[in-house]
**Q** 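Attaching a single structure in structure tokens format; questions to follow.
Remember, predicted model here, so these are calculated numbers, not experimental data.
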Amino acid sequence: MIKSYITGFPRIGEKRELKRALEGLWSKKEGFDEKHLDEVAKSLRSRHWEYQKNVNIDLISSNDFSLYDLMLDTIYMLGCIPTRFTEGAGKDLYFSMARGKKSAVAMEMTKWFNTNYHYIVPELNAQSKFLLNSKKVLDEYNEAKAQGLKTKINLIGPITFLALSKTTDNSDAMAHLDAVVGEYKKLLEQISKLDDEVFVQFDEPIFVTDKGDLLSGKIKAVYDLLCGVSDNIKIIFMTYFEHALKAVDEVVKTKIYGMGLDFVHGEKNIKALDVLAKSDVVLFAGVVNGRNVWKSDIDKKVEFVKDIQKALGGKDFYVGSSCSLLHVPFTLKYEEKINPEVKNWLSFAVEKLSEISLITALANGKALCEQGQKIYEQNKNSANSRLKSELIHDKNVAKRISELNKFEREMKFEERIKIQHEALNYGILPTTTIGSFPQTTQLRVLRQNFKKGEIDEQSYEVGIKKYIDECVQFQENIGLDVLVHGEPERNDMVEYFGEQIKGYAFSENGWVQSYGSRCVKPPLLFGDVSRPKAMTVKWITYAQSKTKKIMKGMLTGPITILNWSFVRDDKPRDEIAKQLALCINDEIADLQNAGIKIIQVDEAAFKEGYPLRKENIAAYEKFSVDCFKLSVSSALPQTQIHTHMCYSEFNDIIKTIEAMDADVISIETARSGNELLKIFKSVGYKQEVGPGIYDIHSPRVPEVDEMVAQIRALLEVLPKEQLWINPDCGLKTRKWEEVEPSLKNLVEAVKIARSL
């Protein structure tokens, strides 16, 4: 018998209801209090459970919902709260850890493995204490039970929790394993009283990494203790994003009920079937892609599931999503404008539920209901349509790729930078921003009205130019050295470019949670890509015409466009990246021909695309570096190329960053101090660096003295001749009342630092 499960489900809401409730609370909007937030959250959980129940998913999750982040929930649950926040309580405490407050900077945030989702990093030290608060876990189970559902409870596993933690005193986070497991034991004791039988899913994705392999020896001792709490608890050890073969070898030595394996992104997991066939551990097979939006070929998936069943010797097992459906948009229900042919190839979270249900039924040999049969026939037609579609293949793009012969800039950095210093004439500790300024309600309404046809192009351009004028004037008034135009015409740093590139499609409501209330709407890269015309020249050159200072051109790099898009799965990613690089290459040529002297090519998502296994890293690094260099190879020696990377641990990729050969790199260091910068010094990094001196993901405004201290710390690592001063990321999500004083303080801090 084959049953179905969902690893986890999106929580932001199909119309971003949670986002609006959160932001209304944070801005103290009338009617948006904690009670309202709780009501919205409860309504969303109920609706999400119903979607899964209606298609007969056997194991539906509870506690996969969060008001901000599941790792933050776990920090709160375990009571390991940094001392700078312990004065608060309840939601004020919870949100202050994520967003900061006047008296305390926010906790560090970084990418969840190689996804675009961000998690709050647990912050520990040798003296950290733990105190269980199980209320949320128990309440949500009982909430689902009142709705007639017995859910599996989702928890971040103790080993993954500690493996992803940082320590502030260089102690070993794993030293707390016994203490953390002790709190989980208490939690399981309470869970055991909820029902006669309770499934508990421990997410342990650390074991799909090389670091996890080194930790695999801890699995048996930890899970022997947890499995021994109560006979009525069935523990599922869930992994996703890659293979977890070493973990399988350890799990089968325990009394763990089930093992979750990703068969979409962890192809080597197929080797685990022989081991599982000889054990009592039940397989939870992730066969439907939880990270991409293309329909499954149901016939092929059913055939694959039957192969698994055969390899397991006919044992019972579960079929579900490869990972949480948090990583895909909610539903196609509201998509009315997308090309119908492309829409027919898509499957979002709600639609993937039906796919899992159909695959399970067909693999069990069950007859489909009328609605199921209709979806199945549509699926077969969709697979055939995609194979034959003329929208996908472009002979001109293929020809240009085959004729490529230039991949490098003309001069080495040491020669280029001398020319640039003479041409650009910027001084010590030059100041700039990463690119975007606040996206105001007026701007969003302006763009929406233009897209809807409610205003004409002239009215739209008047509004955009007015905002650019204001941004330029503000930057000149406070004394920034290198200016930006503020990006008022851009809805998103990837979607904006995708809208102008052939081979892309766009959803109306395909929002995916990035962190907290922040959502992104990744474009859909379905075919060969090319740039029909210039994408940014009009607005950048207009901005340059309004100032005698240097105006920086702003582009998104090919690897970030790739990693932040939902990418076709019928062509190798390195080939697609090369096509994107040519689009950026053409844009750089047009910008410099129009007189733009500094061009920033953002690669914010460079690191998150890294494979989770070392064996695959060299290939990714090669095509990523090659594509970045291809994209900027049209830049003349006097054109200064900047790049920006955020939320990255650079220690293991510093040589790769060096190989990208950008003239200036700006990075996030505001939450991590100058530790990140030390790696640049240790390798003798020659290019110039702009470490972010304040955290833009928090609403707090840092004081001048605080920024001076931050700059002093930077100067202890790198010489002032090598440093740029800037915020740690774009300012799009902040409000002007936060941005204006923060940037004024930044400029004032630099004036002081220059005199040191």
**Q** For residues Asp652 and Lys607, report the shortest heavy-atom separation together with the two atoms involved.
**A**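 Scanning both residues, the minimum pair turns out to be OD1-NZ, 3.4 Å.
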
**Q** Roughly how far apart are Leu22 CG and Ile12 CD1, rounded to 0.5 Å?
**A**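 So the gap between those two atoms works out to 6.5 Å.
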
**Q** Would Ser666 and Asn726 count as a side-chain hydrogen bond (donor to acceptor under 3.5 Å, both in side chains) here? Give the steps.
**A** CA-CA 8 Å; Ser666 55; Asn726 45 258; 5.0 Å; no

**Q** Does a salt bridge link Glu476 with Lys549, judged by any charged N lying under 4.0 Å from a carboxylate O?
**A** no

**Q** Would you say the side chain of Pro488 lies within less than 4.5 Å of the side chain of Ile468, judging by non-hydrogen atoms?
**A**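 Of all side-chain heavy-atom pairs linking Pro488 with Ile468, at least one is under 4.5 Å.
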
**Q** Give me the ring orientation class for Trp736 and Phe437: parallel if the planes are under 30° apart, tilted from 30 to 60°, perpendicular past 60°.
**A**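 Correct class here is parallel.
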
**Q** Could you check if a side-chain atom of Lys732 sits within less than 4.5 angstrom of a side-chain atom of Glu487, using non-hydrogen atoms only?
**A**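 They are not in side-chain contact.
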
**Q** Taking the basic N atoms (NZ, or NE/NH1/NH2) and the acidic carboxylate oxygens, is any pair closer than 4.0 Å for Arg416 and Asp663?
**A**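 Salt bridge present between Arg416 and Asp663.
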
**Q** Looking at side-chain heavy atoms only, is the closest gap between Lys720 and Gln722 below 4.5 Å?
**A** no

**Q** Between the side chain of Ser436 and the main-chain N/O of Gly486, is any donor-acceptor distance below 3.5 Å?
**A** no

**Q** Are the side chains of Val520 and Asn116 in contact, using a 4.5 Å heavy-atom criterion?
**A**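 When only atoms from C-beta onward are counted, Val520 and Asn116 do touch, with a gap below 4.5 Å.
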
**Q** Answer yes or no: is there a side-chain heavy-atom contact under 4.5 Å between Leu72 and Tyr94?
**A** yes

**Q** Counting distance only, does the side-chain N/O of Lys19 pair as donor-acceptor with the main-chain N or O of Ser517 below 3.5 Å?
**A**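 Yes: the side chain of Lys19 pairs with the backbone of Ser517.
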
**Q** Count the heavy atoms belonging to other residues, nucleotides or ligands that lie under 6.0 Å from NZ of Lys629, then report whether that count exceeds 12.
**A** yes

**Q** Rounded to the nearest 0.5 Å, what separates atom CD in Glu422 from atom CG in Leu424?
**A** 10.5 Å

**Q** Please step through side-chain hydrogen bond (donor to acceptor under 3.5 Å, both in side chains) for the pair Asn585 and Ser633, ending with a clear verdict.
**A** CA-CA 7 Å; Asn585 181 290; Ser633 62; 3.0 Å; yes

**Q** Out of Asn563, Val567, Leu562, which one pairs with Ser565 under the side chain to side chain contact (heavy atoms under 4.5 Å, CB included) rule?
**A**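 Among Asn563, Val567, Leu562, the one that satisfies the side chain to side chain contact (heavy atoms under 4.5 Å, CB included) with Ser565 is Val567.
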
**Q** Could you walk me through whether Ser27 and Lys735 pass the side chain to side chain contact (heavy atoms under 4.5 Å, CB included) check?
**A** CA-CA 11 Å; Ser27 62; Lys735 297 177 181 177; 3.8 Å; yes

**Q** At what distance, to the nearest 0.5 angstrom, does CG of Leu483 lie from NZ of Lys546?
**A** 13.5 Å

**Q** Taking the basic N atoms (NZ, or NE/NH1/NH2) and the acidic carboxylate oxygens, is any pair closer than 4.0 Å for Asp602 and Arg490?
**A** no

**Q** Identify the two heavy atoms, one from Ile599 and one from Leu591, that lie closest to each other, and give their separation to 0.1 Å.
**A**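 Between these two residues, the closest heavy atoms are CD1-CB, 3.8 Å.
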
**Q** For residues Lys552 and Ile540, determine if any side-chain heavy atom of one lies less than 4.5 Å from a side-chain heavy atom of the other.
**A**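 SC-SC contact between Lys552 and Ile540 ruled out.
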
**Q** For the residue pair Trp724 and Tyr426, does the interplanar ring angle fall in the parallel (under 30°), tilted (30 to 60°) or perpendicular (over 60°) class?
**A** tilted

**Q** Count the heavy atoms of every other residue, nucleotide or ligand shown that sit under 6.0 Å from CD of Glu737, and state whether that count exceeds 12.
**A** yes

**Q** Would Trp112 and His327 count as a close aromatic pair, with their ring centres under 6.0 Å?
**A**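 Judged by ring-centre distance (under 6.0 Å), Trp112 and His327 do not meet the cut-off.
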
**Q** Walk me through it: do Glu499 and Asn491 pass the test side-chain hydrogen bond (donor to acceptor under 3.5 Å, both in side chains)?
**A** CA-CA 10 Å; Glu499 285 176 340; Asn491 43 10; 3.2 Å; yes

**Q** Give, for atom CG of Asn425 and atom CG of Asp481, the distance between the pair rounded to the nearest 0.5 Å.
**A**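 These two atoms lie 10.5 Å from each other.
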
**Q** Between the main-chain N or O of Ile588 and the side-chain N or O of Ser634, is there a donor-acceptor pair closer than 3.5 Å?
**A**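 It does not hold such a pair.
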
**Q** What pair of heavy atoms forms the shortest contact from Gly557 to Val601, and how long is it?
**A** CA-CG1, 3.5 Å

**Q** Is there a donor-acceptor contact under 3.5 Å from the side chain of Thr160 to the main chain of Ile206?
**A** yes

**Q** Can you name the nearest heavy-atom pair linking Ala163 to Met174, along with the distance?
**A** N-CE, 3.5 Å

**Q** Would you say Gln544's side chain and Met551's backbone share a donor-acceptor pair under 3.5 angstrom?
**A** yes

**Q** Answer yes or no: is there a donor N or O on one side and an acceptor on the other, between the side chain of Gln710 and the main chain of Tyr694, under 3.5 Å?
**A** no

**Q** So which heavy atom on Ser171 is nearest to which on Asp169, and how close?
**A** OG-OD1, 2.6 Å

**Q** Examine distances only and state if a side-chain atom of Gln592 and a backbone atom of Leu636 form a donor-acceptor pair shorter than 3.5 Å.
**A** yes

**Q** Let me see the working for Gln473 and Asp469 under side-chain hydrogen bond (donor to acceptor under 3.5 Å, both in side chains), right down to the final yes or no.
**A** CA-CA 6 Å; Gln473 190 62 56; Asp469 292 347; over 6 Å; no

**Q** Roughly how far, to the nearest 0.5 Å, is NZ of Lys686 from CD of Glu414?
**A** 4.0 Å

**Q** Should we count CD of Glu721 as having more than 12 external heavy atoms under 6.0 Å?
**A**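 Above 12, so yes.
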
**Q** For Phe241, does the six-membered ring have the charged nitrogen or CZ of Arg291 within the cation-pi criterion, i.e. under 6.0 angstrom from the centroid and within 45° of the normal?
**A**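 So Arg291 does make the cation-pi contact.
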
**Q** Rounded to the nearest 0.5 Å, what separates atom CG in Leu723 from atom CG in Leu715?
**A**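 Spacing of CG (Leu723) from CG (Leu715) equals 6.0 Å.
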
**Q** Is the backbone N or O of Leu326 less than 3.5 Å from a side-chain atom of Gln513, with the two atoms forming a donor-acceptor pair by type?
**A** no

**Q** Could you tell me whether a side-chain N or O of Thr560 sits under 3.5 Å from a main-chain N or O of Ala605, the two making a donor and an acceptor?
**A** yes

**Q** As a quick check of understanding, evaluate side chain to side chain contact (heavy atoms under 4.5 Å, CB included) for Leu630 and Leu582, giving each step before the final call.
**A** CA-CA 7 Å; Leu630 172 60; Leu582 286 177; 4.2 Å; yes

**Q** Taking all non-hydrogen atoms of both residues, which atom of Leu580 and which atom of Pro558 are closest, and how far apart?
**A** CD1-O, 3.7 Å

**Q** Check whether any side-chain heavy atom of Leu555 lies under 4.5 Å from a side-chain heavy atom of Met535, and answer yes or no.
**A** no

**Q** If you measure only the distance, is there a donor-acceptor pair under 3.5 Å linking the side chains of Tyr610 and Asn616?
**A**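 No, no side-chain donor-acceptor contact under 3.5 Å.
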
**Q** Treating Thr639 as the side-chain partner and Lys597 as the backbone partner, does any N or O pair qualify as donor plus acceptor under 3.5 Å?
**A** no

**Q** Is any side-chain heavy atom of Lys622 closer than 4.5 Å to one of Asp574?
**A** no

